[in-house]
Amino acid sequence: MTRFFSNLPITNARIAIVRLTDPTALLSAIPALRAIRSAAPTAHIALVGLPAGEDMARRFPAYIDEFISVQDVVNGPGHYLTVFDLALQLQAPSEELNRITLKLGARYVAGFCAGVPNGATTPTTLRVEWPEQGPEVLRLLLLIRALGIRDQGEAMEFPISATDRAELESCREALALLGGPFVCIQPGARSPEHRWQAARYARVADALAVHGLRVAITGPAADRNVADAVIARMRTRPINLTGRLTIGAFANLLDFAYLLISNDTGVTRLAEAIGTPAVTIATGSDVPLWRPADRARYRVLWLPGTERPSAERLYSTWPDNGSGISVESVLDACDVLLAETALKQRAAVRAHLARLRREARLTRPLLPQPLTEAPMVRRAS
C-alpha cells in the first residue's frame with residue numbers, strides 16, 4: 001500500500017468518502033467502497049454526499065458507517081468537526097469538490113485531476129488523472145489501485161431488505177405481476193430532452209403485450225405526467241405503478257422482471273446491480289461513463305454525436321417520423337435479450353419462486369391445528 005494507508009492508525013482510522021451524486025449513482029462506487037473496507041476493516045468510513053443520498057447510503061452498513069450531508073460541511077465552521085485521516089474524492093474532479101473536501105481538514109487527500117498526463121502528487125495529496133473512457137466503476141477503481149488497495153471485484157450491489165419485500169407485497173397491482181412474465185418500462189427522466197417520445201414507448205409496450213408479456217409502467221411520482229402520456233397512447237392496458245413503490249420495493253419488483261426498458265437514468269444502474277437485463281435509450285448523457293460493461297445483458301441504444309451532455313441535437317426537437325432511435329431498433333434489442341436462454345431461465349426461476357411464496361401465503365392456516373387431530377392429508381387432484 002502507499003504511504004496514505006500505511007500512515008493511517010491501525011485500529012481507529014477515520015476515512016471520508018466524498019461523492020456528490022444522485023442516490024443511484026452511489027451504486028457505481030460500491031466496488032471501490034468494498035475494496036476500501038477490505039483494506040481497512042476496522043476503519044470508520046463516512047460518506048459525504050447530497051441529502052437525497054442518505055437513504056441509499058444506509059443500505060450499505062458493511063461499507064459505510066456514517067452519512068454526512070454536504071450541507072452540514074458547507075454550512076459548518078471553517079473545517080468539519082470530525083478529524084479525518086484520509087479523504088477520498090470518488091467522482092470526476094471539480095473545483096467545488098476540492099473546496100468541500102478542503103473543509104473536511106483531512107490529513108491526506110486522494111482524488112482525480114484533469115489535464116495532468118500522469119497525475120500530480122504531493123506528500124499529503126495523491127492525484128490520478130480522470131480517465132475519459134470506460135464505465136465509472138472501472139474509473140473509480142483506478143484511484144483505489146493507485147492507493148495500493150487490491151480490488152474485491154467489479155460487481156455492483158443493491159441489498160433488498162425484508163421491509164422492501166413487505167412494501168412490494170402490500171401493493172396488490174405489483175404483487176399480481178409476480179409469478180408470470182412481465183417487463184418494466186420507465187419512460188421518465190429528470191430532463192425532458194432525455195426522454196424518448198411517449199408515442200414510441202407506447203408502441204413498444206403494445207408490441208410486448210401482444211406477445212404475452214405483461215407491462216408495468218414504473219417511475220417516481222414526479223414522472224406521473226410522462227407515464228400518463230404513454231398509457232394514453234397505448235392500445236393495451238398496462239399496470240401503472242408510477243409513484244406507487246419506494247426504490248427498495250421497485251428493486252424487488254425489478255428482480256423478478258424479464259426486462260427493463262428505460263431512458264438513460266439511474267434505473268439502469270439499479271438493473272445492473274440486481275442483474276435484470278435492460279434496454280436503455282440514451283438521449284444526451286455521457287454514455288461511456290455509465291454504460292454497463294456486460295454488453296450481452298445490457299443493450300444501450302444511442303446515435304453518434306448525441307452521447308455527450310453538450311449535444312445540441314435532442315430528442316425533444318425531433319419529429320416522430322422514424323428519425324433517431326426507432327421503435328424497431330428497441331424491439332430488436334428486446335428480442336435479442338428475451339431470446340437468451342440463460343436470461344430466460346433466470347426469469348423463469350424467479351417467477352417460480354414468486355408463485356411458491358404467494359401460494360404459501362394463501363395456504364397458510366389462520367389458526368394452528370389442535371394437537372389432538374391427525375394431520376390433514378391432501379388428495380391429489
Side-chain angles (χ1 to χ4, degrees), residues 1-21 25-50 53 57 60 63-68 70 73-74 78-154 156 286 288-289:
M1 294 185 182
T2 64
R3 64 181 178 280
F4 287 83
F5 258 76
S6 61
N7 289 342
L8 296 183
I10 297 176
T11 58
N12 60 345
R14 299 188 64 85
I15 302 174
I17 307 296
V18 186
R19 186 166 172 83
L20 312 179
T21 60
L26 177 63
L27 301 179
S28 298
I30 293 303
L33 290 172
R34 186 167 57 236
I36 294 169
R37 174 58 76 193
S38 177
T42 61
H44 181 88
I45 300 177
L47 176 68
V48 179
L50 300 177
F60 298 94
Y63 309 138
I64 301 172
D65 299 301
E66 178 186 7
F67 178 84
I68 300 174
V70 67
V73 178
V74 173
H79 60 85
Y80 194 71
L81 297 179
T82 302
V83 178
F84 289 103
D85 300 292
L86 174 64
L88 292 178
Q89 300 172 327
L90 279 182
Q91 67 182 87
S94 69
E95 291 298 327
E96 178 187 15
L97 191 66
N98 292 335
R99 287 194 299 268
I100 293 172
T101 304
L102 184 62
K103 293 198 68 174
L104 293 174
R107 294 168 53 198
Y108 298 99
V109 175
F112 293 97
C113 62
V116 181
N118 297 314
T121 301
T122 69
T124 59
T125 304
L126 173 66
R127 293 292 180 186
V128 176
E129 185 180 11
W130 176 252
E132 293 298 332
Q133 296 295 326
E136 189 178 19
V137 168
L138 300 182
R139 302 190 201 194
L140 298 181
L141 285 176
L142 286 178
L143 179 61
I144 301 304
R145 294 167 186 153
L147 288 168
I149 300 175
R150 180 177 298 178
D151 292 1
Q152 299 297 315
E154 301 170 2
M156 294 190 291
D286 190 351
L289 181 64

Over all heavy atoms of both residues, which pair between [X] and [Y] is shortest? Give the atoms and the distance, please.
{"X": "Leu86", "Y": "Ala110", "result": "CD1-N, 4.4 Å"}
{"X": "Pro31", "Y": "Gly153", "result": "CB-O, 3.5 Å"}
{"X": "Ala35", "Y": "Arg150", "result": "CB-O, 3.6 Å"}

Taking the side chain as every heavy atom from C-beta outward, state whether [X] and [Y] have any atom pair closer than 4.5 Å.
{"X": "Phe60", "Y": "Leu27", "value": "yes"}
{"X": "Arg99", "Y": "Lys103", "value": "no"}
{"X": "Leu33", "Y": "Leu26", "value": "yes"}
{"X": "Ser28", "Y": "Met156", "value": "yes"}
{"X": "Ile30", "Y": "Tyr63", "value": "yes"}
{"X": "Val73", "Y": "Leu104", "value": "yes"}
{"X": "Val18", "Y": "Leu90", "value": "no"}
{"X": "Val109", "Y": "Arg127", "value": "yes"}

Does [X] reach the main-chain N or O of [Y] with its side chain, forming a donor-acceptor pair under 3.5 Å?
{"X": "Arg139", "Y": "Pro131", "result": "yes"}
{"X": "Gln91", "Y": "Leu20", "result": "yes"}
{"X": "Asp85", "Y": "Ala13", "result": "no"}

* **Within 45° cone and under 6.0 Å: Arg14 NZ/CZ vs Phe84 ring** =>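 Pair Arg14/Phe84 counts as cation-pi.
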Measure the spacing between [atom1] of [X] and [atom2] of [Y] and express it to the nearest 0.5 Å.
{"X": "Gln89", "Y": "Leu140", "atom1": "CD", "atom2": "CG", "value": "12.0 Å"}
{"X": "Thr124", "Y": "Arg107", "atom1": "OG1", "atom2": "CZ", "value": "10.5 Å"}
{"X": "Ile64", "Y": "Ile17", "atom1": "CD1", "atom2": "CD1", "value": "8.5 Å"}
{"X": "Asn98", "Y": "Cys113", "atom1": "CG", "atom2": "SG", "value": "10.0 Å"}
{"X": "Leu147", "Y": "Leu141", "atom1": "CG", "atom2": "CG", "value": "11.5 Å"}
{"X": "Leu143", "Y": "Leu126", "atom1": "CG", "atom2": "CG", "value": "6.5 Å"}

* To do: Can you run down the ring-ring contact (aromatic ring centres under 6.0 Å, His included) pairs that involve residues 126-148, sequence neighbours left out, and say none if there aren't any?
  =>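 Output for this query lists Phe112-Trp130.
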* Ile45 and Arg37: side-chain contact (heavy atoms from CB on, under 4.5 Å), yes or no, with the steps? -> CA-CA 8 Å; Ile45 300 177; Arg37 174 58 76 193; 3.7 Å; yes
* Passes side-chain contact (heavy atoms from CB on, under 4.5 Å), Ile68 versus Leu47? Steps please. -> CA-CA 6 Å; Ile68 300 174; Leu47 176 68; over 6 Å; no
* Asked: Quick one: side-chain hydrogen bond (donor to acceptor under 3.5 Å, both in side chains) partners of Arg34, sequence neighbours excluded?
  ->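 Arg34: side-chain hydrogen bond (donor to acceptor under 3.5 Å, both in side chains) contacts with Glu157.
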* Asked: Does a side-chain N-to-carboxylate-O contact under 4.0 Å join Arg19 and Glu136?
  ->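 Salt bridge: yes.
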